[in-house]
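Presented below is the structure to which this report refers.
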Protein chains: 2
Amino acid sequence: MRMNEGVEWAMHSCVNLSWMPGQPVTARHLAAFYDLPTAYLNKQLQALTRAGILTSVSGPKGGFQLARDPRNITLLDIVVAIDGPDEAFRCTQILKAGPGADPKADYTKTCLVSQAMRSAELAYRRELAGQTIADIAGRVVETTPEAPANARNRFANLRS
Amino acid sequence: MRMNEGVEWAMHSCVNLSWMPGQPVTARHLAAFYDLPTAYLNKQLQALTRAGILTSVSGPKGGFQLARDPRNITLLDIVVAIDGPDEAFRCTQILKAGPGADPKADYTKTCLVSQAMRSAELAYRRELAGQTIADIAGRVVETTPEAPANARNRFANLRS
DNA sequence: GGCAAGGTACTCGGATATACGATGTCCGAGTCAGAAAGG
DNA sequence: CCTTTCTGACTCGGACATCGTATATCCGAGTACCTTGCC
């Protein structure tokens with residue numbers, strides 16, 4: 001099991017965007033920040049836009065910015081936007097082929113293996129839903145107070 | 001993100017094996033139980049064997065059986081055996097390319113995004129580690145008391 | 001009749017093809033800014 | 001000098017290649033049982 005690595009890029013990008021309120025940042029700049037492939041990062045940002053996490057503006061002076069307060073953007077929102085809403089474990093209802101199976105039963109609900117896996121993923125998602133971009137950004141500032149200024153400087157220098 | 005579907009097969013197979021104590025069951029029989037591809041299920045069972053969850057015996061009257069008490073086999077054990085020990089989210093330390101980066105720092109530890117994702121996966125694994133094959137099997141018997149007998153009968157009929 | 005040796009059939013085990021999705025790239029649609037020309 | 005139009009460059013957006021991994025399969029190694037021949 002391997003998570004889409006764009007999730008990592010998206011999270012760091014959102015943290016950076018939280019330090020550029022009201023100021024669109026282009027995919028090219030965000031990519032240059034961490035030396036990432038521009039076109040591919042752009043694709044991830046598009047997904048975030050479709051999910052309503054970012055807003056995009058075209059043309060010169062365009063770019064991406066957070067669509068809402070970073071305190072209302074959870075890590076789960078980002079994971080779902082990039083990696084898809086499906087659960088990792090997918091019950092294929094193999095019990096249907098077993099002895100004494102009920103053809104009408106929905107084993108994604110009743111199968112106990114499925115239930116156990118679902119409860120574990122629920123714990124995972126609950127943990128992610130409890131963390132927001134604002135939480136991360138705030139904790140970064142605690143340990144590295146100059147981080148927001150660093151970001152703004154780098155974006156300004158890239159603009160030249 | 002999508003989990004190896006062999007995990008589902010492995011869990012159901014282990015539950016069934018818990019009802020056949022001391023009696024080896026062949027991969028062919030386990031596959032026929034749920035109408036699964038024999039050779040591929042065999043591969044998963046081999047992985048469980050390498051992980052020390054099952055023991056295998058070759059030759060006629062051979063097959064697989066649980067290597068230890070099902071109360072000591074957690075769902076996490078099975079997931080790790082089949083899906084690998086790596087975490088889904090892998091920190092690639094993109095902060096190393098950012099401004100003010102410390103080349104000697106291990107950002108898999110210090111990066112706050114990485115920490116948040118790790119804590120979520122820990123919650124996931126903790127949940128899985130709290131469930132054993134014996135727990136599942138016991139709950140199955142509560143709802144379907146005839147399940148163990150059904151399994152033994154089907155295996156016996158397949159043998160003929 | 002009992003025993004031993006060989007053959008056979010059945011099992012696991014790992015090496016080998018194939019299909020699908022993640023990764024990476026490219027070009028077109030849309031848009032704003034600035035320049036240039038006319039009033 | 002101001003206004004308006006046109007051109008151009010820059011952005012996002014989605015369609016198109018490429019690579020890696022999960023999926024699926026096959027044949028070889030090993031073993032217990034059964035048969036057969038001998039004592």
Side-chain angles (χ1 to χ4, degrees), chain A residues 1-10 13 17 23-32 34-65 67 79 81-84 86 88-90 92 94 155 158-160, chain B residues 1-10 13 17 23-32 34-65 67 79 81-84 86 88-90 92 94 155 158-160:
Chain A
M1 189 168 51
R2 189 170 182 167
M3 171 167 288
N4 191 318
E5 75 175 318
V7 170
E8 184 183 11
W9 305 354
S13 294
L17 286 175
Q23 181 137 11
V25 182
T26 69
R28 189 165 57 82
H29 285 168
L30 285 168
Y34 293 124
D35 194 25
L36 303 173
T38 302
Y40 194 30
L41 175 63
N42 187 36
K43 189 184 179 122
Q44 317 294 348
L45 298 175
Q46 283 175 37
L48 293 178
T49 303
R50 274 194 296 272
I53 295 170
L54 301 184
T55 57
S56 66
V57 297
S58 289
K61 301 286 180 181
F64 295 91
Q65 52 185 318
V79 168
I82 303 290
D83 214 47
D86 294 345
F89 181 90
R90 248 156 279 190
T92 59
I94 64 178
F155 285 135
L158 287 169
R159 193 165 294 276
S160 67
Chain B
M1 188 168 55
R2 190 168 180 166
M3 171 167 285
N4 191 317
E5 75 174 320
V7 170
E8 185 184 9
W9 306 354
S13 293
L17 285 175
Q23 181 137 11
V25 181
T26 69
R28 188 165 58 83
H29 284 167
L30 286 168
Y34 293 124
D35 195 23
L36 302 174
T38 303
Y40 193 30
L41 175 63
N42 187 36
K43 186 182 182 130
Q44 316 295 349
L45 298 175
Q46 283 175 36
L48 293 178
T49 303
R50 273 193 297 272
I53 295 170
L54 301 184
T55 56
S56 66
V57 299
S58 290
K61 301 285 180 183
F64 296 90
Q65 51 185 316
V79 168
I82 302 290
D83 214 47
D86 294 345
F89 181 90
R90 248 156 279 189
T92 59
I94 66 177
F155 286 133
L158 286 169
R159 193 167 294 277
S160 66

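Throughout, a chain's letter reflects where its sequence line sits, starting with A, and its residues are numbered from 1. Please read these numbers as outputs of a predicted model, since none were measured by experiment.
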Look up atom [atom1] in [X] and atom [atom2] in [Y], then write down how far apart they are to the nearest 0.5 Å.
X	Y	atom1	atom2	value
Leu17(B)	Leu45(B)	CG	CG	7.5 Å
Asn42(A)	Thr26(A)	CG	OG1	9.5 Å
Glu5(A)	Ile94(B)	CD	CD1	9.5 Å

(Q) For Asp83(A) and Arg50(B), find the nucleotide of DNA chain C closest to each by heavy atoms; which residue's nucleotide sits nearer the 5' end? (A) Arg50(B)
Length of the [atom1]-[atom2] vector between [X] and [N], whole Å:
X	N	atom1	atom2	result
Gln44(B)	dT23(D)	CD	P	8 Å
Leu41(A)	dG14(D)	CG	C1'	16 Å
Lys61(B)	dC33(D)	NZ	C1'	10 Å
Asn4(B)	dA22(D)	CG	C1'	7 Å
Ile82(B)	dA24(D)	CD1	P	14 Å
Met1(B)	dA22(D)	CE	P	14 Å
Trp9(B)	dA22(D)	CH2	P	14 Å
Asp86(B)	dT21(D)	CG	P	11 Å

Q: Using a heavy-atom cut-off of under 4.0 Å over every strand shown, decide if Pro37(A) touches base, sugar-phosphate, or nothing.
A: sugar-phosphate
Q: Give Gly6(A) one of three labels, base, sugar-phosphate or nothing, depending on what nucleic acid heavy atoms sit under 4.0 Å from its own.
A: nothing
Tell me whether the side-chain N/O atoms of [X] come closer than 4.0 Å to OP1 or OP2 in [N].
X	N	result
Arg2(A)	dA22(D)	no
Asn42(A)	dG13(D)	no
Arg28(A)	dT11(D)	yes

Identify the two heavy atoms, one from [X] and one from [Y], that lie closest to each other, and give their separation to 0.1 Å.
X	Y	result
Leu41(B)	Ala27(B)	CD2-O, 4.0 Å
Gln65(A)	Pro24(A)	NE2-CG, 3.8 Å
Gln46(A)	Phe64(A)	N-CE2, 4.4 Å

**Q.** Beyond-backbone contact of Met3(A) with Ile82(A), side-chain heavy atoms, under 4.5 angstrom
**A.** no
Q) Would you call the rings of His29(B) and Phe155(B) parallel, tilted or perpendicular, where under 30° means parallel and over 60° means perpendicular? A) tilted
Q) If you pin Pro60(B) and Lys43(A) to their nearest nucleotides in DNA chain D, which one's is more 5'? A) Lys43(A)
**Q.** Interface limits on DNA chain C, where chain A has a heavy atom under 4.0 Å of a nucleotide atom
**A.** dT23(C) to dC32(C)
(Q) For a quick check under 3.5 Å, do Glu8(A) and Thr92(B) share a side-chain donor-acceptor pair by atom type? (A) yes
(Q) Between Asp83(A) and Met1(B) (side chain of the first, backbone of the second, donor and acceptor by atom type, cut-off under 3.5 Å), is there such a pair? (A) yes
What's touching nucleotides 34-36 of chain D from the protein side, N or O pairs under 3.5 Å?
none

